[in-house]
*Asks:* 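Please find one structure pasted underneath; my questions will follow.
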Amino acid sequence: MRIFVDADGCPVVDIVLRLAGRYGMEAVLVCDTAHFFDRPGCRVVTVSKGADGADFALVNLLSPGDLAVTQDYGLAAMCLARRAVVLNQDGVIYTKENIDGLLSARHTAQRIRRGGGRLKGPRRRTKEQDKAFERAFSALLGQAQRKEKRHAAKENRTD
């Protein structure tokens with residue numbers, strides 16, 4: 001399993017890199033040219049700036065079972081279609097069961113804004129949100145590691 005991060009504006013990059021290193025998993029930061037990442041312990045994929053360029057690049061790099069970290073519902077839906085595990089920056093796992101409601105809420109908010117309405121922006125990020133993400137992310141990495149070990153043990157028995 002590889003970890004892909006929609007790194008444009010992602011508040012949990014440092015947590016992802018620290019835990020990916022601890023679990024010995026590859027982390028890939030995907031961003032456009034408006035952002036610059038020079039972090040040890042990861043690979044950075046930089047694409048030309050443009051509408052959703054980093055999102056499409058990330059989706060095209062995914063394989064089934066990979067993990068994607070994003071706060072973008074549209075990208076999350078595309079990642080789910082590629083059979084990836086998708087986690088947001090607050091530790092919520094996107095699923096086939098919850099993505100439609102999230103996309104619908106996003107569409108409704110866009111219609112309100114286009115009609116001249118105003119909505120409150122996101123609240124300031126809290127330490128509790130970081131902790132929730134870290135717990136959820138660590139749990140997913142632990143599950144993946146245990147699954148890998150079971151698979152390796154099964155292959156050794158058949159040799």
Side-chain angles (χ1 to χ4, degrees), residues 1-32 34-35 37 39 41-114 119 121-123 125-126 128-151:
M1 174 175 90
R2 297 172 300 164
I3 303 160
F4 291 91
V5 181
D6 177 15
D8 294 341
C10 181
V12 294
V13 169
D14 292 330
I15 297 169
V16 168
L17 296 180
R18 179 171 39 83
L19 291 175
R22 183 180 300 162
Y23 284 88
M25 296 188 177
E26 178 185 12
V28 180
L29 305 180
V30 182
C31 61
D32 65 28
H35 300 85
F37 290 96
R39 305 272 175 81
C42 71
R43 181 166 56 110
V44 178
V45 174
T46 305
V47 299
S48 298
K49 188 174 179 186
D52 302 319
D55 294 352
F56 291 123
L58 191 152
V59 168
N60 287 327
L61 292 168
L62 280 175
S63 296
D66 283 341
L67 176 71
V69 177
T70 185
Q71 55 190 334
D72 180 324
Y73 299 155
L75 175 56
M78 291 188 289
C79 293
L80 287 171
R82 296 288 301 249
R83 295 184 295 140
V85 177
V86 190
L87 185 66
N88 84 358
Q89 75 282 359
D90 295 334
V92 176
I93 299 173
Y94 295 109
T95 65
K96 291 178 183 176
E97 291 74 31
N98 68 13
I99 196 67
D100 287 338
L102 295 168
L103 288 168
S104 178
R106 180 181 79 163
H107 177 70
T108 300
Q110 286 173 336
R111 284 186 25 221
I112 291 169
R113 284 191 297 274
R114 266 188 259 129
L119 301 170
R123 293 183 179 159
R125 186 155 183 87
T126 66
E128 289 76 24
Q129 288 172 298
D130 286 343
K131 289 177 186 174
F133 174 80
E134 188 166 348
R135 281 191 304 272
F137 187 62
S138 185
L140 287 172
L141 295 181
Q143 288 171 2
Q145 198 171 55
R146 288 188 296 277
K147 185 178 178 181
E148 237 176 64
K149 286 180 182 178
R150 284 193 304 269
H151 182 72

*Asks:* With heavy-atom distances below 4.5 Å as the criterion, would you say the side chains of Ile3 and Leu141 are in contact?
*Replies:*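 They are in contact (side-chain heavy atoms under 4.5 Å apart), so the answer is yes.
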
*Asks:* Is it the case that over 12 heavy atoms from other parts of the model lie below 6.0 angstrom from the CZ atom of Arg83?
*Replies:*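 Incorrect, the count does not exceed 12.
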
*Asks:* Going through the checks in order, is the side-chain contact (heavy atoms from CB on, under 4.5 Å) test met by Asp8 and Lys49?
*Replies:* CA-CA 11 Å; Asp8 294 341; Lys49 188 174 179 186; over 6 Å; no

*Asks:* Distance alone, cut at 3.5 Å: any donor-acceptor contact between the side chains of Tyr23 and Ser138?
*Replies:*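 Yes, side-chain donor-acceptor contact under 3.5 Å.
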
*Asks:* In the structure I gave you, are the side-chain heavy atoms of Leu58 and Met78 within less than 4.5 Å of one another anywhere?
*Replies:*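 With C-beta onward as the side chain, the pair stays apart.
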
*Asks:* Under the side chain to side chain contact (heavy atoms under 4.5 Å, CB included) test, which residues partner Asp52, sequence neighbours left out?
*Replies:*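 Asp52 satisfies side chain to side chain contact (heavy atoms under 4.5 Å, CB included) with Asp55, Phe56 once adjacent residues are dropped.
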
*Asks:* Report yes if the side chains of Gln89 and Val13 come closer than 4.5 Å at any heavy-atom pair, otherwise no.
*Replies:*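 Answer no - side chains too far apart.
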
*Asks:* Compare every heavy atom of Cys42 with every heavy atom of Leu17, then report the nearest pair and how far apart it is.
*Replies:*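 Nearest heavy atoms, Leu17 then Cys42: CD2-CB, 3.4 Å.
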
*Asks:* Identify, with sequence neighbours excluded, every residue that meets salt bridge (charged side-chain N to carboxylate O under 4.0 Å, His left out) alongside Glu26.
*Replies:*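 Scan of Glu26 (salt bridge (charged side-chain N to carboxylate O under 4.0 Å, His left out), adjacent residues dropped) gives Arg43.
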
*Asks:* Could you state the interatomic distance from CG (Leu62) to CG (Leu75), rounded to the nearest 0.5 Å?
*Replies:*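 If I round to the nearest 0.5 Å, the distance is 8.0 Å.
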
*Asks:* Hey, does the side chain of Asn60 reach the backbone of Ala57 with a donor-acceptor pair shorter than 3.5 angstrom?
*Replies:*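 No, because the side chain of Asn60 does not come within donor-acceptor range (under 3.5 Å) of the backbone of Ala57.
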
*Asks:* Judged by atom type as modelled, is there a donor-acceptor pair below 3.5 Å linking the side chain of Arg82 to the main-chain atoms of Val59?
*Replies:*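 Checked: pair present.
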
*Asks:* Write down the atom of Cys31, the atom of Phe37, and the distance for their closest heavy-atom approach.
*Replies:*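 Looking at all heavy atoms of both residues, the shortest contact is SG-CD1, 3.7 Å.
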
*Asks:* Is there a side-chain contact between Phe4 and Leu61 (heavy atoms, below 4.5 Å)?
*Replies:*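 Yes, side chains in contact.
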
*Asks:* Regarding Gln129 and Asp90, do their side chains bring together a donor and an acceptor under 3.5 Å, going by distance alone?
*Replies:*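 A pair is found: one side chain offers a donor N or O, the other an acceptor, under 3.5 Å apart.
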
*Asks:* In sequence, state the C-alpha distance, the side-chain angles, and the governing distance for Asp130 and Val12, and then conclude on side-chain contact (heavy atoms from CB on, under 4.5 Å).
*Replies:* CA-CA 7 Å; Asp130 286 343; Val12 294; 4.1 Å; yes

*Asks:* Roughly how far, to the nearest 0.5 Å, is CG of Asp14 from CD of Glu134?
*Replies:*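 These two atoms lie 11.0 Å from each other.
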
*Asks:* Hey, is the main chain of Asp66 close enough, under 3.5 Å, to the side chain of Arg2 for a donor-acceptor pair?
*Replies:*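 Not a single qualifying donor-acceptor pair exists.
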
*Asks:* Taking all non-hydrogen atoms of both residues, which atom of Leu67 and which atom of Phe137 are closest, and how far apart?
*Replies:*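 Residues Leu67 and Phe137, closest heavy atoms: CD2-CE1, 3.1 Å.
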
*Asks:* What is the minimum heavy-atom distance between Tyr94 and Ala76, and which atoms define it?
*Replies:*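 Heavy atoms only, the tightest pair is CD1-CB, 3.6 Å.
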
*Asks:* Are any non-hydrogen side-chain atoms of Val30 and Asp6 less than 4.5 angstrom apart?
*Replies:*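 Heavy-atom side-chain distance check fails, nothing below 4.5 Å.
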
*Asks:* For residues Val92 and Phe133, determine if any side-chain heavy atom of one lies less than 4.5 Å from a side-chain heavy atom of the other.
*Replies:*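 Result no, sub-4.5 Å side-chain heavy-atom pair not found.
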
*Asks:* Which heavy-atom pair separates Ile99 from Ala77 by the least distance, and what is that distance?
*Replies:*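 So the two residues come closest at CG1-CB, 3.9 Å.
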
*Asks:* Just so I know, are the side chains of Leu140 and Leu87 near enough to count as touching, which here means a heavy-atom distance under 4.5 Å?
*Replies:*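 The answer is yes, as the side chains (C-beta and beyond) meet within the 4.5 Å cut-off.
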
*Asks:* To check you understand the geometry: which heavy-atom pair defines the closest contact between Asn98 and Thr95, and what is its length?
*Replies:*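 That would be OD1-N, 2.8 Å.
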
*Asks:* Between Met1 and Lys147, is there a side-chain heavy-atom distance shorter than 4.5 Å?
*Replies:*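 No - every pair of side-chain heavy atoms lies 4.5 Å or more apart.
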
